[in-house]
Amino acid sequence: SRAVLAAVLCIPAFSAAAYGQTAATAPAATGPATSMPSEAATTASTTSAPAATEPVKADYSTPKTTMNTIDQALDSNDFTVLRHSFDVTPAQQRGFDALLNTIESAHVFEEAFIQKFGAAKAKEIGISTGLGGALAARTDAVAKAQVQIKGDNATMEMPTTPGNPPADLEFHHVNDQWKLAASSLVRSETPEFQPVLPLVEKMSQAYRDAAAEVKSDKVSTPEQAQQALMKRIVPLQVEAEHAAAPSQPSSQPATQSNQQ
């Protein structure tokens with residue numbers, strides 16, 4: 001289903017920020033789960049995110065401050081805070097870890113590229129994790145979002161991109177902190193996601209293997225660095241498409257043995 005594929009193919013080659021828009025706009029085939037929307041999708045390809053300089057000051061006092069914390073963690077590549085900002089069930093843990101590991105590994109590749117070829121070249125060809133310069137727009141969107149709280153559960157109607165419906169995000173009040181439900185990122189506990197899960201885990205390693213190759217003497221140009229990544233990522237994306245595709249009934253009539 002496209003809802004499952006969004007969890008994999010929405011982690012693009014050069015922009016972890018764009019995954020939110022992809023998942024938010026994909027029709028949900030396994031339930032109403034939507035992902036964190038991103039207004040950075042149109043700008044991430046032309047902007048390079050700065051490396052994290054200090055930990056994000058997390059604030060989980062309300063659903064909106066939690067969403068702002070998540071955006072700030074994404075923008076500054078603070079993966080410790082990012083992981084702590086979600087409410088994850090045991091059934092969701094492996095899939096959640098796989099997605100977050102892949103986003104973090106994409107940043108490892110970005111750092112390797114910038115170290116060798118510079119931030120200007122990374123910006124020129126669109127290598128960027130983080131929110132791609134759209135943090136202010138995201139913060140404004142959160143401020144305008146509608147929140148409904150019922151006990152220890154809350155929903156936030158989050159604006160996405162123009163022309164697309166808002167995404168309904170779910171929050172849980174856990175240990176006096178509001179956390180974004182992992183199901184708002186991906187329903188990794190569903191049967192539909194299971195064939196894709198090993199490929200997501202492989203994708204994380206692919207980013208790190210590509211980063212190691214960029215650091216080696218095998219890569220001497222930015223184009224070779226791109227190729228080092230794409231030769232690993234594209235086959236996994238294609239395989240994920242096939243793994244997530246619904247099985248089709250055979251068009252061939254069933255054969256019957258001849259009885260004498």
Side-chain angles (χ1 to χ4, degrees), residues 1-13 15-20 22-24 26-38 58 60 66-67 69-70 73-74 77-109 129 153 167-175 177-212 229 232-247:
S1 71
R2 289 188 62 194
V4 173
L5 269 181
V8 182
L9 306 184
C10 60
I11 306 174
S15 174
Y19 78 90
T22 307
T30 59
T34 55
S35 183
M36 291 179 294
S38 172
Y60 303 117
T66 296
M67 197 68 237
T69 295
I70 290 171
L74 276 171
N77 300 299
D78 190 331
F79 299 101
T80 299
V81 169
L82 188 61
R83 292 176 186 280
H84 188 66
S85 301
F86 288 84
D87 181 31
V88 188
T89 68
Q92 297 167 337
Q93 192 67 60
R94 183 184 172 190
F96 176 82
D97 287 343
L99 287 174
L100 267 292
N101 288 343
T102 300
I103 296 171
E104 185 171 4
S105 296
H107 178 59
V108 170
F109 176 83
T129 53
N153 298 304
D168 290 328
L169 305 180
E170 181 181 349
F171 295 80
H172 299 156
H173 199 230
V174 182
N175 297 326
Q177 294 180 328
W178 284 102
K179 301 294 183 71
L180 180 62
S183 57
S184 292
L185 177 64
V186 61
R187 290 192 180 278
S188 58
E189 74 280 13
T190 61
E192 289 81 0
F193 188 81
Q194 301 315 303
V196 178
L197 178 53
L199 300 174
V200 182
E201 294 171 331
K202 290 180 180 179
M203 196 173 292
S204 176
Q205 188 59 47
Y207 275 109
R208 292 183 180 271
D209 290 344
L229 178 63
R232 293 174 168 89
I233 293 296
V234 171
L236 290 174
Q237 291 178 326
V238 172
E239 190 175 352
E241 287 182 336
H242 291 298
S247 59

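Computed over heavy atoms, backbone and side chain alike; hydrogens, waters and symmetry mates excluded.
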Problem set entry | Main-chain N/O of K202 paired to Q205 side chain as donor or acceptor, under 3.5 Å |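 No; zero donor-acceptor contacts below 3.5 Å.
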Exercise. Are side-chain N/O atoms of E201 and S204 paired as donor and acceptor at under 3.5 Å?
Worked result: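 The answer is no; no qualifying pair exists.
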Exercise. Distance only, no hydrogens: is a donor on one side chain within 3.5 Å (strictly under) of an acceptor on the other, for N101 and R208?
Worked result: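 Checked: N101/R208 side chains show no N/O donor-acceptor pair below 3.5 Å.
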How close do [X] and [Y] get, counting heavy atoms only, and between which atoms?
X: P191; Y: P195; result: O-CD, 3.3 Å
X: A206; Y: L236; result: CB-CD1, 4.1 Å
X: A210; Y: R232; result: CA-NH1, 3.8 Å
X: S85; Y: V81; result: OG-O, 2.7 Å
X: F96; Y: A182; result: CD1-CB, 4.1 Å

Problem set entry | Ring-ring centroid check Y60 H84, cutoff 6.0 Å |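 Under 6.0 Å, so yes.
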Nearest 0.5 Å please: distance from the [atom1] atom of [X] over to the [atom2] atom of [Y].
X: H107; Y: L74; atom1: NE2; atom2: CG; answer: 11.5 Å
X: Q177; Y: K179; atom1: CD; atom2: NZ; answer: 4.5 Å
X: L169; Y: M67; atom1: CG; atom2: CE; answer: 6.0 Å
X: L82; Y: I103; atom1: CG; atom2: CD1; answer: 6.5 Å
X: N153; Y: H173; atom1: CG; atom2: NE2; answer: 11.0 Å
X: D87; Y: L180; atom1: CG; atom2: CG; answer: 9.0 Å

Exercise. Charged N to carboxylate O below 4.0 Å: is that the case for R83 and E104?
Worked result: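 Looking at R83 and E104, the cut-off is met.
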Exercise. After noting the C-alpha distance and the side-chain angles of E170 and S183, does the key distance pass the side-chain contact (heavy atoms from CB on, under 4.5 Å) rule?
Worked result: CA-CA 8 Å; E170 181 181 349; S183 57; 4.0 Å; yes
For this session: For side-chain contact (heavy atoms from CB on, under 4.5 Å), just list the numbers for T102 and Y207, CA-CA rounded to whole Å, side-chain angles, deciding distance to a tenth of an Å, and then say yes or no.
Result: CA-CA 7 Å; T102 300; Y207 275 109; 3.8 Å; yes
